[in-house]
Amino acid sequence: MKANYLDELNEQQREAVTHINGPLMIVAGAGSGKTKVLTTRIAHLMRNGVDAFNILSLTFTNKAAREMKERVEKILGGSEARNLYIGTFHSVFARLLRAEASRLGYPSDFTIYDTDDAKSVLKTIINELNLDDKHYKPNFVYNRISAAKNSLMGPEEYQLDHLVQQEDMRANRPMIGKIYDMYAKRCFKNGAMDFDDLLFKMYVILKAFPEVLHKYQHKFKYIMIDEYQDTNPAQYEIIKLLGAVNENICVVGDDAQSIYSFRGATIENILQFEKDYDDVKVVKLEQNYRSTKSILNVANEVIAHNKGQIEKNLWTDNTEGDTIKLVRTMTDNEEGKFVADTIAEQKLRNHYDNRDFVILYRTNAQSRSFEESLRRKAIPYRIYGGLSFYQRKEIKDFVAYLRVTMNTRDEESLKRIINYPVRGIGKTTIEKTVVLSNEHNITMWEVLERAKEFGFKSGTLEAIEGFVTMISSFQAMLGKQNAYDVAVMVGKSTNIVKELFNDKTTEGLARYENVQELLNSIKEFTETPDEEGELLDKSMGSYLQQITLLTDADQGNNEDSDVVKLMTIHAAKGLEFPVVFTVGLEETLFPSGMSINTREELEEERRLFYVAITRAKARLWLTHANSRYRFGNLVQNEPSRFLEEMPDKFIDRSYAGGGSVRNAFGSGSTNGWSNSNANNMFDRMQKKSPAAPAQSSSPKPMPKPSSVPVNHVPTAGFAPDDPAGMQPGMEVEHQKFGFGNITAIEGAPNNRIATIVFPKGGGEKKIMLNYAKLRIVK
DNA sequence: GCAACATGGGGTTGC
DNA sequence: CCCATGTTGC
């Protein structure tokens, strides 16, 4: 291990790393070296005699877990890190549940249902109940159930809870409780858990079996949780149980980056942590090592519009850097073109590689125009998000065979493959099988096994027996051969591989390649050699459980390929890029029209915007389109309200530099720039500034709406005063804006934001006192 | 049972 | 516009 690992930390980081026993909360601002602290702390614990076996570290993404593991290994120098328990909540609990779920009657090779599987089960149930699936939309029902599970509410409690029932009545969907109940029973019958069950059932087991709880309390003597602001009540309670004996819980988070409430996360968890335990040590990491001053200042000011935050003051020693460019285009296609052009230009001008750029959007559907324009300019890119590899139809079909082989109770998968490829087991036969399984209270698989005694007719019987024999032969192989050999056999026996091979259409070819890739991934899984002393679970069951928890972002194999990345802001959390384009900054899109009804929703959107801004290291473009296609028709959007919350000082609202803009707007309308940029957005900015020089909205060829009138010459000997003494009512002098009056001061005491009216300097401005250089006049 | 077509509906984010 | 599902006709 490197001896000097503590020297590489700043004071606060060191304080966090060297705190060994007792609850610790690290409030880690964006780009403040959070991962470094977490990994160094793990190393430090081990250096101080803590056994790797006793450390549990929970993250939100597989990627974060992988990164953490790698970095710990780097610090420790050897392979000491391999016994650490590092993973996502879901994957760690899935692993523990393989050992413990039998206590609740689940097979240890239980299937994990992804969202699609779960919705499909729900749809069958809704139809069985003769409910209209247009009214009881599986998606809606799923979200209700998910929310219930995330707050540890089972079907019984759900049906008895007045508030919940009231909500369902008001939404005119009183049957959701019943559906939930049937869904839970069906999943159990199928030997399957959905994502939320991985948390919920873990909690149930810890609560119901004290010996299990004790076991893990003593195993996980030190617990670390990353992104604590994104934990939901289920995760919170589990952590509380596991940590109750030793109270060596270290949580790391940033309330300003809490963006997962739709998944049940509650920001309260981090806001309340100090009250949950006695003697909580709180460390704040406030130095940002990532971004320029301009970027950080804009981010700070934006987030200051939210209420009730943990007080912190994020600052940086980095240079001021470029201004943030704000760009408006006429349409979404022009937005795409502008971004692609600018990327091309920046590559030349500032010698960036493709990999230095990221395009961030609110919704996956926005990727299209960027794909097109990047393709046109032959700029390589990769889209993150959307369908994961394992959600593709051909992969799910293939995996369904493996799932059924491992867990014959899994009806969802069984139904998927029972007649794929076609083998003469049609709709009527399947329905009959379902009825029989309900009548006799046995699984569908058992009905199939005993098809003869249930009187299926000759042709059908033959088909069923053939199917049963085939699956049984796979099962028989499992004991003797590894997962890869079994999978190859599945491909052969079912004819799937051959069939796809013979399909010479482009899609057929792609599907064939995908199945080959699946086989490769199984091969890789089985053949990765165990490290010395390490016993990885290489079973098919373990493989299957892993892959359902993988997302698109986890197909990391060519992480380093030199491509522009496109992803949602959610997917970008935890990442950083030299150049960031945050696009689609329009009302109804960002903030999403779905999230503007309450202050809480809006604040979460704002945090999302904050996350987007803070991904940028050096350069940041914010773009929005005047109108864009939505569901086939052109809709007009107002610029996002967030754009008005940014301090003018660091924003260039008139970005038109280089040839890129001319290219971007040259197509079609001749004066796209003056029309699109000057009018709407700029007008609104002007209205907010009563004292601003009256910029008329008359169409001028190229207005330059510089928001920083730089005519002011500072008084001789201008020296800024201590911002602490500034109060509303004072007259101050600003280097650029000239003389002004402070009309209001808001924000946290160490991050105060003053509203100042500069009669000659562009009117009302919001200024961060910590950064602005102001001289008190009187 | 399947391919070709018609219809309707979608309002985010993701383990 | 794009997808997923339902309907029709072989």
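Here the structure is a predicted model, which is why all the values come from computation and not from measurement. Just so you know, these numbers use all the heavy atoms, side chains as well, and skip hydrogens, waters and symmetry mates.
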Check your understanding: Does CD in A/Glu167 sit with more than 12 non-hydrogen atoms of other residues, nucleotides or ligands closer than 6.0 Å?
Key -> yes

Check your understanding: Would A/Glu412 and A/Ser120 count as having a side-chain donor-acceptor pair, cut-off 3.5 Å?
Key -> yes

Point to revise | Carboxylate-amine/guanidinium proximity below 4.0 Å for A/Lys34 and A/Asp226 | key: yes

Review point. Hey, does A/Phe89 reach any base, or is it just sugar-phosphate, or nothing, if we go heavy atoms under 4.0 Å?
Key: nothing

Review point. Angle class for the A/Tyr361/A/Phe370 ring planes (parallel below 30°, perpendicular above 60°, tilted otherwise)?
Key: parallel

Revision key, fill the gap. Checking N1-N3 plus N6-O4 or O6-N4 for Watson-Crick, or N1-O2 and O6-N3 for wobble, each under 3.5 Å, the partner of C/dC3 is B/dG8

Point to revise | Nucleotide paired to B/dA3 in any strand shown, Watson-Crick or G-U, under 3.5 Å | key: C/dT8

Check your understanding: Once each nucleotide of nucleotides 1-14 of chain B is scored for protein heavy atoms under 4.0 Å, what B/S/- sequence comes out, 5' to 3'?
Key -> SS-------BBBBB

Check your understanding: Do A/Tyr142 and A/Phe140 have their ring centres less than 6.0 Å from each other?
Key -> no

